[in-house]
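Notes to accompany the following structure.
No hydrogens, no waters, no symmetry mates; every other heavy atom, side chains included, goes into these values. Proteins come first, then strands; the chains are lettered A, B, ... in the order of their sequence lines, and each starts at number 1.
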Amino acid sequence: MPELPEVETVRRGLEPVMAGARFIRVEQRRADLRFPFPENFAARLEGRRVEALSRRAKYLFADLDDASVLVMHLGMSGSFRIDEAIQGAFHHPRSKRAAHDHVVFHLSSGAAITYNDPRRFGFMRLLARADLAADPMFAGLGIEPLGNELDGAALARLFAGRTTPLKAALLDQRLIAGLGNIYVCEALHRAGLSPQRAAGALVSKAGQPTAGAARLAAAIREVLEEAVAAGGSSISDHRRTDGELGYFQHAFRVYDREAAPCPTPGCRGIVRRIVQSGRSSFYCAECQT
DNA sequence: ACACTATCCTGCAGGC
DNA sequence: TGCCTGCAGGATAGTG
């Protein structure tokens with residue numbers, strides 16, 4: 001599910017009940033997700049206070065009061081649900097969905113936060129804050145697309161000399177961290193660039209960003225900001241922490257719209273689907289060149 | 001260096 | 001109704 005906008009939506013939902021709260025009790029219902037849980041996971045969390053909840057790329061970080069960090073990744077199908085514990089009156093419906101409730105955080109704020117993940121590609125880790133930057137998982141992460149670093153010049157620097165297709169370059173978390181299949185497709189369409197174009201073609205011979213590079217940087221920022229404002233995209237699994245759906249999926253111009261007319265004004269193209277790096281690319285061959 | 005594949009896992013849609 | 005295939009928002013390891 002979750003690319004940067006969905007993870008940021010989750011962060012904003014969790015922050016009011018997690019930041020400043022203590023873990024009173026932690027239920028860990030299985031030994032592993034994508035990776036084994038840390039040793040004594042529940043015991044190491046219980047009693048700890050969350051100082052802040054932040055996001056980097058598609059990772060969530062809960063800074064704890066013992067100088068450790070709880071790292072959470074939602075994989076493809078992870079979600080968090082917040083239940084306010086009201087005098088034990090809350091009833092959890094017996095559903096297939098509940099079978100994939102793997103972790104429950106009971107917090108001093110009175111909230112119970114349940115992590116659900118059918119495919120179990122998500123994970124949780126506990127790291128010393130001092131070790132975070134050097135950890136292999138984070139040391140090589142690329143620039144944050146909603147931060148100040150992303151502009152045409154940054155793309156030119158990252159893509160210079162690369163023959164790899166734009167689609168693959170934009171999915172590469174070592175270059176830009178946080179984009180996934182949906183928002184890469186959407187950003188390329190907004191920028192009028194083919195996913196098959198060589199990444200290095202966005203750099204002039206003098207090493208300067210082309211007009212396409214500037215358009216792409218602006219398109220990435222724009223589509224992510226709009227998606228965050230919409231609460232992310234809910235295709236099948238993504239839920240906001242209050243259980244509501246995001247609604248950016250209604251604003252998709254090309255993603256999962258094979259054979260639909262291209263939405264670009266005046267364009268008579270049809271959205272096509274091709275496979276790159278084993279994943280679907282949706283684009284319009286008429287206006288994306 | 002790069003591109004593609006398989007892999008982890010479950011659910012769902014579509015074809016028959 | 002069921003069985004089968006393929007596909008899905010991520011990320012990594014391994015191959016050529």
Side-chain angles (χ1 to χ4, degrees), chain A residues 1-11 29-37 55-60 71-80 95-102 115-125 135-142 145 158-187 195-201 223-224 227-228 230-240 245-252 254-259 273-282:
Chain A
M1 102 185 199
E3 304 181 33
L4 187 154
E6 291 74 38
V7 177
E8 177 59 22
T9 297
V10 169
R11 191 198 69 78
R29 297 182 178 168
R30 54 177 299 126
D32 57 64
L33 296 171
R34 180 187 179 91
F35 309 123
F37 279 92
R55 177 193 59 76
R56 169 80 167 102
K58 304 170 193 174
Y59 300 90
L60 287 169
V71 177
M72 297 167 281
H73 192 289
L74 303 172
M76 290 275 267
S77 59
S79 63
F80 282 99
S95 66
K96 238 181 182 177
R97 218 180 142 69
H100 304 294
D101 288 350
H102 303 308
Y115 179 70
N116 180 286
D117 188 355
R119 294 174 72 178
R120 304 201 301 275
F121 290 169
F123 57 83
M124 297 188 188
R125 299 177 63 198
D135 189 276
M137 190 172 274
F138 308 109
L141 272 187
L158 292 169
F159 291 173
R162 292 185 184 261
T163 55
T164 194
L166 276 176
K167 174 65 182 289
L170 291 170
L171 282 176
D172 188 340
Q173 305 295 302
R174 297 168 299 184
L175 302 177
I176 303 171
L179 298 177
N181 205 32
I182 292 177
Y183 297 105
V184 167
C185 291
E186 293 296 309
Q196 295 177 291
R197 172 95 74 103
V223 75
L224 293 179
V228 169
S233 303
S234 295
I235 296 183
S236 59
D237 292 298
H238 169 62
R239 299 290 170 118
R240 305 166 65 135
L245 302 175
Y247 53 89
F248 193 73
Q249 65 278 12
H250 304 300
F252 290 168
V254 290
Y255 182 82
D256 203 22
R257 296 181 55 80
E258 185 179 14
R273 186 181 83 94
I274 61 172
V275 176
Q276 294 177 284
S277 315
R279 332 223 10 217
S280 292
S281 289
F282 298 91

Whole-angstrom distance between C/dC3 and B/dC9, as gauged at atom P: 22 Å
Closest to side chain of A/R273, choosing from B/dC2, B/dG11, C/dA8: C/dA8
Pairing partner of B/dC9 (Watson-Crick or G-U wobble, both distances under 3.5 Å): none
The nucleotide from B/dA3, B/dG11, C/dG10 with an atom nearest the side chain of A/P165 is B/dA3
A/R34 side, atom CZ; A/D117 side, atom CG - distance, nearest 0.5 Å: 11.0 Å
Which nucleotide wins on minimum distance to the side chain of A/E3, given the candidates B/dC4, B/dT10, C/dG9? C/dG9
Both A/R162 and A/S277 contact DNA chain B. Which one's nearest nucleotide lies toward the 5' end? A/R162
Minimum heavy-atom distance between A/P5 and A/L224, given as atom pair plus value: CG-CD2, 3.6 Å
Nearest-nucleotide wise, let me know which of A/R34 and A/G278 is further upstream toward the 5' end of DNA chain B. A/G278
Separation of A/R125 CZ from A/L33 CG (nearest 0.5 Å): 13.5 Å
Nearest listed nucleotide, side chain of A/T164, among B/dG11, C/dG10, B/dA3: B/dA3
Confirm from the modelled atom types if A/R119 and C/dA8 form a donor-acceptor pair under 3.5 Å, side chain to base only. yes
What is the distance, to the nearest angstrom, from the CD1 atom on A/I274 to the P atom on B/dC4? 10 Å
Heavy-atom neighbours of A/R174 CZ exceed 12 at 6.0 Å: no
Is any side-chain N or O of A/K58 closer than 4.0 Å to OP1 or OP2 of C/dA11? yes
Without decimals, in angstroms, what is the distance between A/D117 CG and B/dT10 C1'? 10 Å
Would the A/F282 and A/F252 ring centres measure less than 6.0 Å apart? no
State, to 0.1 Å, how close A/G246 and A/S234 come at their nearest heavy-atom pair, and which atoms those are. N-OG, 2.7 Å
Which residue, A/K167, A/E186, A/Q276, forms the side-chain hydrogen bond (donor to acceptor under 3.5 Å, both in side chains) with A/N181? A/K167
Whole angstroms only, please: what is the CG-C1' distance between A/D172 and C/dT12? 12 Å
Find the distance A/D256:CG to C/dA8:P and express it as a whole number of Å. 8 Å
Centroid distance below 5.5 Å plus an interplanar angle below 30 degrees: do A/F121 and C/dG10 meet both conditions? yes
To the nearest angstrom, how far is A/F138 atom CZ from C/dG10 atom P? 16 Å
If the cut-off is 4.0 Å, is A/R279 near the phosphate of B/dC4, judged by side-chain N/O to OP1 or OP2? no
Across the strands shown, which category fits A/Y255 at heavy-atom distances under 4.0 angstrom: base, sugar-phosphate, nothing? sugar-phosphate
Of the listed nucleotides (C/dG9, C/dA11, C/dA8), which one gets closest to any side-chain atom of A/S280? C/dA8
Of the nucleotides B/dT10, B/dC2, C/dG10, which has the atom closest to the A/R120 side chain? B/dT10
Within this structure, what is the CZ-to-P distance between A/F123 and C/dA11, rounded to whole angstrom? 8 Å
Please report the distance, rounded to the nearest Å, between CG in A/L33 and C1' in B/dT7. 17 Å
Would you indicate, yes or no, if B/dC9 has its OP1 or OP2 atom less than 4.0 angstrom from a side-chain nitrogen or oxygen of A/H100? no
Grab the CZ-P distance between A/F252 and C/dA8 for me, whole Å please. 13 Å
On a whole-Å scale, what distance lies between the P atoms belonging to C/dG6 and B/dT5? 14 Å
Using the P atoms only, state how far C/dT5 lies from B/dA6, rounded to an integer number of Å. 15 Å
Give A/Q173 one of three labels, base, sugar-phosphate or nothing, depending on what nucleic acid heavy atoms sit under 4.0 Å from its own. sugar-phosphate
